[in-house]
Amino acid sequence: MTLSPVHSFYFLGPLLISTDHCRPGTSHKNLELISKVRVNTQAVLKRAQHIQGQKIPKKQWQAAWLLKAVTCIDLTTLAGDDTPSNVHRLCMKAIQPIRYDLLKKIDMHSKGITTAAVCVYPSRVADAVTSLKAANSSLPVASVATGFPAGQTPLKTRLEEVRMAVADGATEIDIVINRTLALTGQWEAMYDEICSFREACGDAHMKTILAIGELGTFTNVYKASLVAMMAGSDFIKTSTGKEAVNATYSVAIVMVRAIRDYFLRTGHKVGFKPAGGIRTAQESLLWLTLIKEELGNDWLCPLLFRLGASSLLADIERQIYHHVTGQYAAYHELPMA
């Protein structure tokens, strides 16, 4: 296949880097200049250090931002011992993520605060859909797929997994890329695979997991981000949560700069989802700060920003409890996620 190039320039810190890109769904593609992309590592690290040094809001402003973070969480369970009962419990927590009495004290009980979605394995999608329907909730169900987390199963199997999850009611699919293709520079093959996943997803939103801890370099992360967006991803996501290195601010800088420039050149907004190792309320505030500064307020909503987390919500609720009562709750005093 040949590419129909649209030349563009990408800025990362003070270094100018260039590549080609095309709009999602374009039938022609040309990935030659992907090989010429270079990322200024020192500029990335310096920017990440700045983000980590940001002061976080206090008092009622902190509470407001924490509630914003809650609405962007994909509340997740991806354990080998998942059962219909703990998926049901997860769904109920997603519908009422913060205790009602705490929300009432700050006059937020009638604002319809829920998490953005629940995220489960394909075999548990039907359980989640059933639980949410019984609770009269329209909360989206997301499913990991395509041989999560390694992505090493045959392509036919990965595609069938996507189709089955969609058939069971998943409206969001978190796919994983084939890291072998990225590490060996087979960007066209990776593009083709992601396009095939995009087709299998149908109307479901597709989040493409780059598994950044296994890509080796910032340059590979940037290239993989571009290829994923060009192939029609609705989101790009940092990690499966199963790698040795998961969501980091430095990698996020690389990915959101790719998102920002892609938007400036195509007018197409792609979402961003950090996942893996995000456990504290303070971390969630830094992630919101990063998105606000790098991508702007338009991205500060569940349509374009998600936090993949399983234990983060518990700490956020604990901080809201402290804001309301002046005391910290023990974890056993709050409903389990």
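Nothing here was measured: the structure is a model prediction, and the numbers come from that model. Counting from 1, the numbers follow the sequence of the chain as shown.
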Between the side chain of [X] and the main-chain N/O of [Y], is any donor-acceptor distance below 3.5 Å?
X      : Y      : result
Ser284 : Ala281 : yes
Asp82  : Ala79  : yes
Asn246 : Ser239 : no
Lys93  : Pro97  : yes
Arg318 : Ala329 : yes
Ser137 : Leu132 : no
Gln96  : Ile98  : yes
Arg306 : Pro302 : yes
Asp315 : Leu312 : no

Which atom of [X] lies closest to which atom of [Y], heavy atoms considered:
X      : Y      : answer
Ser250 : Leu45  : CB-CD2, 4.0 Å
Val176 : Gly151 : CG2-CA, 3.7 Å
Glu317 : Arg99  : OE2-N, 2.8 Å
Ala165 : Ser143 : CB-OG, 3.7 Å
Ala116 : Leu139 : O-CD1, 4.0 Å
Ala69  : Ile316 : CB-CD1, 4.1 Å

Problem set entry | Full working for side chain to side chain contact (heavy atoms under 4.5 Å, CB included) between Leu288 and Phe305 | CA-CA 9 Å; Leu288 288 170; Phe305 177 62; 3.8 Å; yes
Could you check whether any side-chain heavy atom of [X] comes within less than 4.5 Å of a side-chain heavy atom of [Y], counting everything from C-beta outward?
X      : Y      : answer
Trp299 : Glu294 : no
Trp287 : Ile291 : no
Ile177 : Arg179 : yes
Met190 : Glu193 : no
Met229 : Thr266 : no
Ser225 : Val221 : yes
Cys119 : Val144 : yes
Asn297 : Leu300 : yes

Exercise. Going through the distances and angles, do Ile106 and Leu67 end up as a side chain to side chain contact (heavy atoms under 4.5 Å, CB included)?
Worked result: CA-CA 11 Å; Ile106 54 178; Leu67 291 179; 4.0 Å; yes
Problem set entry | Audit row: Glu283, Tyr249, side chain to side chain contact (heavy atoms under 4.5 Å, CB included) steps and yes/no | CA-CA 10 Å; Glu283 286 177 284; Tyr249 301 114; 4.0 Å; yes
Exercise. Does the side chain of Thr217 come under 3.5 Å of the side chain of Thr219 through a donor N or O and an acceptor N or O?
Worked result: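 Looking only at side-chain atoms, Thr219 and Thr217 do not form any donor-acceptor pair under 3.5 Å.
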Problem set entry | Thr184 and Gln186 side chains, donor-acceptor separation under 3.5 Å |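 Distance-only check passes for Gln186 and Thr184.
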Does [atom1] belonging to [X] count more than 12 external heavy atoms closer than 6.0 Å?
X      : atom1 : answer
Glu333 : CD    : yes
Lys105 : NZ    : no
Gln60  : CD    : yes
Met92  : CE    : yes
Asp101 : CG    : yes
Gln282 : CD    : no

Would [X] end up clustered with [Y] when hydrophobic side chains under 4.5 Å apart are linked, directly or stepwise?
X      : Y      : answer
Val125 : Tyr121 : no
Leu78  : Val129 : no
Ile194 : Leu159 : yes
Ile209 : Val162 : no
Leu313 : Val324 : yes

To the nearest 0.5 Å, how far apart are [atom1] in [X] and [atom2] in [Y]?
X      : Y      : atom1 : atom2 : value
Leu210 : Ile236 : CG    : CD1   : 6.0 Å
Cys201 : Ile173 : SG    : CD1   : 5.5 Å
Phe218 : Ile212 : CZ    : CD1   : 8.5 Å
Met255 : Thr238 : CE    : OG1   : 6.0 Å
Leu75  : Leu90  : CG    : CG    : 4.0 Å
Phe235 : Met206 : CZ    : CE    : 12.5 Å

Charged N to carboxylate O below 4.0 Å: is that the case for [X] and [Y]?
X      : Y      : result
Arg158 : Glu161 : no
Asp234 : Arg198 : yes
Glu172 : Lys207 : yes
Arg47  : Glu293 : yes

For this session: For Thr130 and Asp127, run side-chain hydrogen bond (donor to acceptor under 3.5 Å, both in side chains): C-alpha distance rounded to whole Å, both residues' side-chain angles, the deciding distance at 0.1 Å, then the answer.
Result: CA-CA 5 Å; Thr130 299; Asp127 296 331; 5.8 Å; no
For this session: Only pairs at least two apart or in different chains count here, so list each ring-ring contact (aromatic ring centres under 6.0 Å, His included) that has a residue in residues 81-117.
Result: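 Only Tyr100-His109 qualify under ring-ring contact (aromatic ring centres under 6.0 Å, His included).
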Exercise. Hey, mind stepping through Phe148 and Thr240 against side chain to side chain contact (heavy atoms under 4.5 Å, CB included) and telling me if it holds?
Worked result: CA-CA 8 Å; Phe148 179 96; Thr240 67; 3.4 Å; yes
Problem set entry | Candidates Thr83, Val118, Asn86 - the one meeting side chain to side chain contact (heavy atoms under 4.5 Å, CB included) with Thr77 |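 Among Thr83, Val118, Asn86, the one meeting side chain to side chain contact (heavy atoms under 4.5 Å, CB included) with Thr77 is Asn86.
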Exercise. With sequence neighbours left out, what residues match Glu199 under salt bridge (Lys or Arg N to Asp or Glu O under 4.0 Å)?
Worked result: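 Salt bridge (Lys or Arg N to Asp or Glu O under 4.0 Å) list for Glu199, sorted by chain: empty.
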